[in-house]
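Let me begin by presenting the structure, written as structure tokens, before commenting on it.
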2 protein chains.
Amino acid sequence: MEPDAQRISERIERPSLSDIVCSRLEQMILSREIQPGKRINESKLSKVLGVSRAPIREACRQLEKLWMVEVIPRRGTFVREIEAEEVEDLYDLRAILDEYAGRKAASKIRKKDLSLLREHLSDMESATSQNDPGNYFRANLAFHQTIFDIAGNKSLPMIYEGITKRAALFRKSSLSIPGRLAVSLQQHKEIFEALSARDAAKTAELMKGHVMNAKQAIINSLDQP
Amino acid sequence: MEPDAQRISERIERPSLSDIVCSRLEQMILSREIQPGKRINESKLSKVLGVSRAPIREACRQLEKLWMVEVIPRRGTFVREIEAEEVEDLYDLRAILDEYAGRKAASKIRKKDLSLLREHLSDMESATSQNDPGNYFRANLAFHQTIFDIAGNKSLPMIYEGITKRAALFRKSSLSIPGRLAVSLQQHKEIFEALSARDAAKTAELMKGHVMNAKQAIINSLDQP
DNA sequence: AAAAAATAAACTGTCGACAGTCAGCTATCG
DNA sequence: CGATAGCTGACTGTCGACAGTTTATTTTTT
């Protein structure tokens, strides 16, 4: 019997073909194997991957949900392009969402939440000392998502995922800028402190500042590439 | 020749079968012909509508993008349920997005923007005097979307659409509460004034207050139904 | 009679095929 | 020589069918 029919989504399940194609496509897009603006050729790709067109189409729709591609009726599926200007927009949105999440999380946080955050923080710490942007990025994402969980706004994670995936299309991440990891780490430590102190205003301010800081770092790095 | 290959999305095009199925489905969901939590039976629906399953699936994926349904692998597509608690979450998100948009729009607004807003305002005015929530809703949406346009954050409208469609699943809208139309109209007039004065702080505050006010109205109406 | 197992029915995932549409090329016309 | 119209190849939209799962039903077991 189903103990909780509402929460069916979270069960173990092997991925369907569409899911496999989806991650494969995401990978191809992020690695620029398929370049921005280019069309995803369904029939060609289906031959390459050895599957029919149905899972390919399914995967494209999934990626559209994440704003990574744009499906144009009767024309095809195109990898989205992203301009510096739009990256700034996305960072602005991240800033206000993080600010909100920080404020809400600070007033709700519990001991076990703090220990989970501390784990992510230590992951970020070791990634920083090994100068490993990839792992830092993951731990960083986990840190922020944990704060969302604590904040408890159920709709926030979905929105945020779209924003981050879309921003990932941009060739440059703030974390790939030399010296950024250390700065970012320090900011997360401060956020952690503010959360421990249950200081909502301070947490909100730090979260916002953190994102706006990353935004500025990107803008600066573009001016002098 | 294509004058602007980037902006292909906006061209005249007759709807595909999937599009028709999609709006039909949306309608069925909002009218509760298919109830929240229920599965959308692809094969059954394909017989009813006289099309194959492919357009049906396509439409479901489209609705998933708008958070109106949840697609669970190998189980089917389910109409999303929405609790009062989540409606509050959605209003919170609308509040911070509107606040942000208001601040940004106030610093960028031009004369022709103001006249467009004035038009929407007068639409809302006549809808109010005729006590027509449907038309009021549309004019209201147009008003807010115009502010987004002025703010110029390209990603904002997409996010906002998801939030509003999702909130529409809830049986009650703040605008359906007796007396709300007049209150809402007054608030929009104040927002318009603040925008005219290019007062960013004031506009932001009013926008946020307006949404939070609507949220509170819903909460109150639920306590005493 | 309640729980578990086995069976049957229904449904989704995937496939290959065909038709209508679109992009690019060639030939025609001014 | 440039622009337009018609043609051609390629691709997406849609279809019906089949296979593997999931759900509902029936049978068996305790």
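Just so we're on the same page: letters track the sequence lines, and every chain starts at 1.
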State, yes or no, whether a side-chain contact exists between B/Asp92 and A/Lys104 at a heavy-atom distance under 4.5 Å.
-> yes
Carboxylate-amine/guanidinium contact B/Glu83 A/Lys154, below 4.0 Å = no
Rounded to the Å, how far apart are A/Lys44 NZ and C/dA23 P?
-> 16 Å
Does the pair A/Asp113/A/Lys108 count as a salt bridge with the N-to-O cut at 4.0 Å?
-> no
Taking only N and O in the side chain of B/Ser43, is any of them less than 4.0 Å away from OP1 or OP2 of C/dA10?
-> no
Taken to the nearest whole Å, CD/A/Glu42 to C1'/C/dT14 is 14 Å
Going by heavy atoms in the side chains, are B/Ser155 and A/Ile163 under 4.5 Å from each other?
-> no
Side-chain donor/acceptor pairs under 3.5 Å, residues 136-147 of chain A, sequence neighbours excluded:
| residue | atom | partner | partner atom | Å |
| --- | --- | --- | --- | --- |
| A/Tyr136 | OH | A/Ser184 | OG | 2.6 |
| A/Tyr136 | OH | A/Leu185 | N | 3.0 |
| A/Arg138 | NH2 | A/Asn135 | OD1 | 3.3 |
| A/Asn140 | OD1 | A/His144 | NE2 | 3.4 |
| A/Asn140 | OD1 | A/His188 | NE2 | 2.8 |
| A/His144 | ND1 | A/Asp98 | OD1 | 3.2 |
| A/His144 | NE2 | A/His188 | NE2 | 3.1 |
| A/Thr146 | OG1 | A/His120 | NE2 | 3.2 |
| A/Thr146 | OG1 | A/Ala142 | O | 2.7 |

Rounded distance (Å) that lies between atom P of C/dC11 and atom CD1 of B/Ile72 = 16 Å
Hey, what are the protein-to-nucleotides 15-19 of chain D N/O distances that come in under 3.5 Å?
| residue | atom | partner | partner atom | Å |
| --- | --- | --- | --- | --- |
| D/dC15 | OP2 | B/Ser52 | N | 2.7 |
| D/dC15 | OP2 | B/Ser52 | OG | 2.8 |
| D/dC15 | O5' | B/Ser52 | OG | 3.4 |

Is it true that the side chains of B/Ser43 and B/Asn41 contain a donor and an acceptor less than 3.5 Å apart?
-> yes
Round to the nearest Å and state the distance from A/Lys47 atom NZ to D/dT12 atom C1'.
-> 13 Å
Using whole Å, report how far CD1 of B/Ile56 lies from C1' of D/dG13.
-> 14 Å
Sequence neighbours excluded, every pair satisfying salt bridge (charged side-chain N to carboxylate O under 4.0 Å, His left out) that has a member inside residues 40-54 of chain A = A/Glu42-A/Arg53, A/Glu42-A/Arg57
Counting just side-chain N and O atoms, does A/Arg39 come under 4.0 Å of either OP1 or OP2 of D/dT12?
-> yes
Assign B/Ile40 to base, sugar-phosphate, or nothing according to its heavy-atom contacts below 4.0 angstrom with the strands shown.
-> sugar-phosphate
Starting at CZ of A/Phe78 and ending at C1' of D/dC11, how long is that distance when rounded to a whole Å?
-> 11 Å
In whole angstrom, give the distance that lies between atom CZ of B/Arg61 and atom P of C/dT12.
-> 10 Å
B/Arg57 vs C/dG13: side-chain N/O to OP1/OP2 distance below 4.0 Å | yes
Hey, is the side chain of B/Asn41 poking within less than 4.0 Å of OP1 or OP2 on C/dA10, counting only N and O atoms?
-> no
